[in-house]
J.: 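My structure is below; once you've seen it, I'll send some questions.
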Amino acid sequence: MSVPTETASALYTPTSFRHAGIAGLGMCVPAQVVTNDEIAKRVETTDEWIATRTGIRERRVTTPEEASSDLALVACRQALEDAKIAPEELDLVLCATATGDYVWPATACILQDALGAKKAGAFDLSAACSGFCYGLATAAGFIQSGMMRNILVVGVDTLTKHLNWEDRTTCILFGDGAGAAVLTPCSNEEGILSSVLRADGGGLEAVWLPAGGTRTPITPNVLESRTNCMKMQGKDVYRFAVEVVPSIIQEVLDRACLKPSDIDLLVMHQANIRILQSAAERFGISMDKVAVNVDRYGNTSAASVPLALRECADEKRLHRGDIVVTVGFGAGLTWGANVIRWNRDY
Ligand code: UT7
């Protein structure tokens, strides 16, 4: 079928390569605070053990009525307002989550509808705790190619719903939250300068949700054995993180022709303060250049990086021209990083 010339050129006019920058940020955490002492009433642990081994002091936990999209929607609205972009101007809603409202369809579609993003596509991206960094790279690719202009990337997880609250090796670690960013075209000197994405599916069982998918559907036996809850080999994940985080930071900086000393703000996935300290030490970066929210929110999976970005914006730690490095790592196994030259002042 021949396409009328006018339509074809409107659809396919080649646009010059342009970078994608973060024009707005938003966040949301549930109101309910659960302290280490409260967890210590349910399992054999102590505030001292949790705080020393992980840096976590408390986390936010959703009520049974609150789902991922409820948190994500608040974060998305704040990000759009911050970017001064109307929902109708969005080309894509990209939701990074491992804990969508339903098995299918995508939580991104729920957000698209609730926001009134009438001209946007919508899909979910499944890369667990690396999801937001994967999402930034994906959105940057769409914008750089000229295929899209305005993209909303939201990282949301409510992993507390998938925890066995009698398993002290996992239930102490996680919290719920959402963080969102609006990406728009910017000058080629600014915005997302480089991204690196990696995976090692051989590490599937290091941290995973064994049942509830098509391989192992939910049955009475599954519920009995609690395989519908998260399982984790904590030490293996720790070793993996300590190895891959510095190497991906070096690689993503190399791609942007920058050095560790150029970093103004390092925003890593918040799994354990010791992982953050180890990476900072490796590059001689002082902790005042490292974003930390693990103490207040625990491990919020795909939300941890955008939550930290929004808080850094509120604390006026993000300035135009700053080099910001974001790093995610987690289930899959997956890991990813982005170098951003910040293109607006907060
Ligand atoms: O987002 C990515 C997903 N997850 C992660 O990134 C997690 C990465 N891993 C970690 O952060 C750490 O491995 C943990 C915080 C999970 C565990 O810390 P660890 O220093 O590796 O402790 P461990 O597993 O080696 O356990 C040490 C001891 C053990 O007792 P024994 O065998 O030495 O007698 C555990 O049974 O601590 C015990 N233990 C606990 N004690 C009190 C394990 N969990 C607890 C607990 N409270 N909650």
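All ligand and atom numbering here is 1-based and tracks the order in the structure. Note that the numbering runs from 1 along the sequence shown for the chain.
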J.: Determine which pairs satisfy salt bridge (charged side-chain N to carboxylate O under 4.0 Å, His left out) with at least one residue from residues 337-346, sequence neighbours left out, and list them in order.
T.: Asp82-Arg344
J.: What ring-ring contact (aromatic ring centres under 6.0 Å, His included) pairs are there with at least one residue in residues 85-106, not counting sequence neighbours?
T.: none
J.: Give the C-alpha distance, both sets of side-chain angles, the deciding distance and a yes or no for salt bridge (Lys or Arg N to Asp or Glu O under 4.0 Å) between Arg310 and Asp314.
T.: CA-CA 6 Å; Arg310 178 65 246 182; Asp314 291 338; 2.5 Å; yes
J.: Run through ligand 1 for me and note each protein residue having a heavy atom under 4.0 Å from it, chain first, then residue number.
T.: Glu44, Thr45, Trp49, Arg53, Thr54, Cys129, Arg168, Ile172, Leu173, Met232, Gly234, Lys235, Val237, Tyr238, His269, Ala271, Asn272, Arg274, Asn299
J.: For a salt bridge (charged side-chain N to carboxylate O under 4.0 Å, His left out) with Glu311, tell me which candidate from Lys316, Arg317, Arg296 qualifies.
T.: Arg296
J.: Distance alone, cut at 3.5 Å: any donor-acceptor contact between the side chains of Ser68 and Thr158?
T.: yes
J.: Report the residues that fulfil salt bridge (Lys or Arg N to Asp or Glu O under 4.0 Å) with Arg168, sequence neighbours left out, ordered by chain and then residue number.
T.: none
